[in-house]
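A quick write-up on the structure given underneath.
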Amino acid sequence: MAAHAETHSHDSHDGKKHHGVGFYVGIWIVLLGFTGLTYGAAHVEMGAWNLPIALAIAIVKGTIVCLFFMHLWGDTRANQFVLILSLLFLILMCSMTIADVNTRFPLLAPPNSQRFMVSPRGQLE
Amino acid sequence: MQTDAIDAGHAPKEPHLRFQFSDSARQFHAAKFGMWLFLGQEVMFFSALFCAYAYYRNQFPDAFFRASQHLNTTFGLLETIDLLTSSLTVALAIHFIRQGKRGLTSVMLIITIACAFIFLVMHGHEYATEFHEGLLPGRFFHPEAHLEGPALPMESAMFFTCYFFLTVLHSIHVLIGIGVLSVVLAFNMRGKYSQAYYTHVEVGGLYWHLVDLIWIFLFPLLYLVT
């Protein structure tokens, strides 16, 4: 029972360290900094690199929000696992879809394929 | 003190403790885990729309770039700052209720709800502009009558389809977040929460952070297409 009590009783006397107001304000300032970075990076011409860089900054920001604002840092493994799993499914869905449409090619008719064309009456000729 | 209550067995039962839980800590973990499961589901809910966005941007990169130029980036930036600030205040609300400071928790929740309303007003203003300019999804896309400058290709309609589905769904989440946080605020002002029991504040806060989290990705993907 005592092991479970740690994460619930958020007092300094339970031996678990808790962040102060300054810590949260610091995180907020870091997030604002990254927002400025996103905005600035979009106005620099980097060709194909613009999108990966914008996404990388967004992922860093999202990770900071999850770890410190949502307290996933030091949270139970179950809670961390749920988020990671749902993100894996998101990546799977998007990457497989894009990989599919980007690797399509028109099907080639095999040699002598006219032999097997279907007549208007639905019979093989 | 709450440490006595958590040490179950001989400790007196707390009023908020449901019969199926042996102690407050387990009840708290169950509630939080339930919320995380819901948030995981929300991520996958949005992933369908992100996937549609990725597909159409991949198909029509130039139409997406030109359509994105018609969004108000300044508004997008201000909305991002607004939501980040609301995320900070909701995190502070949880921080203060952990110390038993109910008054400060209420103040933080009020600021959060105010930020949510500011977001909705700003986005509503953007929608009004887009309606006026004919920048609408699918077959309602008719920019040629109202927009100056070079004409947008018809494929840009797909950008606005993605834009409206993503941002309207996000705004619905903001509305629900306002409802959730208002209930938490009302309970807090009635003195329901304390150092020992603040599950609703924590769980409502998690939901609000998700709203911010989704916007962090929407801002560069919609407003800053290059």
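In what follows, every chain begins at residue 1, and chains take the letters A, B, ... in the order their sequences are listed. Everything quoted here is computed from the prediction, not taken from an experiment.
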[X] portion near chain A, given a 4.5 angstrom heavy-atom threshold:
X: B:I214; result: neither
X: B:I81; result: both
X: B:S87; result: both
X: B:F96; result: side chain
X: B:A52; result: neither
X: B:L92; result: side chain
X: B:L206; result: both

Report yes if the side chains of B:K32 and A:D75 come closer than 4.5 Å at any heavy-atom pair, otherwise no. yes

Side-chain contact test, heavy atoms from C-beta onward, threshold under 4.5 Å: evaluate it for B:T80 versus A:K61 and give yes or no. yes

Tell me whether the count of non-hydrogen atoms from other residues, nucleotides or ligands lying under 6.0 Å of [atom1] in [X] goes above 12.
X: B:F164; atom1: CZ; value: yes
X: A:F81; atom1: CZ; value: no
X: B:F165; atom1: CZ; value: no

For chain B, the option from [options] that forms the most heavy-atom pairs under 4.5 Å:
options: A:A41, A:A54, A:A78; answer: A:A78
options: A:I84, A:V25, A:T97, A:T35; answer: A:T35
options: A:L85, A:L55, A:L32, A:D100; answer: A:L32
options: A:I57, A:I91, A:V82; answer: A:V82
options: A:Y39, A:F69, A:F68, A:Y24; answer: A:F69

Which atom of A:H71 lies closest to which atom of B:E202, heavy atoms considered: ND1-OE2, 3.7 Å

Closest contact, heavy atoms only, B:P220 versus A:A58: CG-CB, 4.4 Å

Which value, rounded to the nearest 0.5 Å, describes the distance between [X] atom [atom1] and [Y] atom [atom2]?
X: A:N79; Y: B:F33; atom1: CG; atom2: CZ; value: 6.5 Å
X: A:I64; Y: B:I216; atom1: CD1; atom2: CD1; value: 8.5 Å
X: A:M70; Y: B:I94; atom1: CE; atom2: CD1; value: 9.5 Å
X: B:M44; Y: A:M93; atom1: CE; atom2: CE; value: 10.5 Å
X: A:L51; Y: B:L224; atom1: CG; atom2: CG; value: 11.0 Å
X: A:W28; Y: B:L84; atom1: CH2; atom2: CG; value: 9.0 Å

Decide side-chain contact (heavy atoms from CB on, under 4.5 Å) for A:V101 and B:N58; before the verdict, give the C-alpha distance in whole Å, the side-chain angles of both, and the deciding distance to 0.1 Å. CA-CA 9 Å; A:V101 295; B:N58 182 54; 3.6 Å; yes

Please step through side-chain contact (heavy atoms from CB on, under 4.5 Å) for the pair B:V43 and A:L87, ending with a clear verdict. CA-CA 7 Å; B:V43 168; A:L87 290 176; 4.0 Å; yes

Taking the side chain from B:H95 and the backbone from A:G20, do they hold a donor-acceptor pair closer than 3.5 Å? no

Only pairs of heavy atoms separated by less than 4.5 Å count here; which of B:A48, B:G40, B:C51, B:P61 has the most with chain A? B:C51

Using heavy-atom distances under 4.5 Å, tell me whether [X] contacts chain B through its side chain, its backbone, both, or neither.
X: A:V21; answer: both
X: A:F89; answer: side chain
X: A:T38; answer: both

Please evaluate residues B:W36 and A:Q80 with respect to the criterion side-chain contact (heavy atoms from CB on, under 4.5 Å), reporting the C-alpha separation (whole Å), side-chain torsions for both, the decisive distance (0.1 Å), and the verdict. CA-CA 9 Å; B:W36 272 109; A:Q80 297 170 342; over 6 Å; no

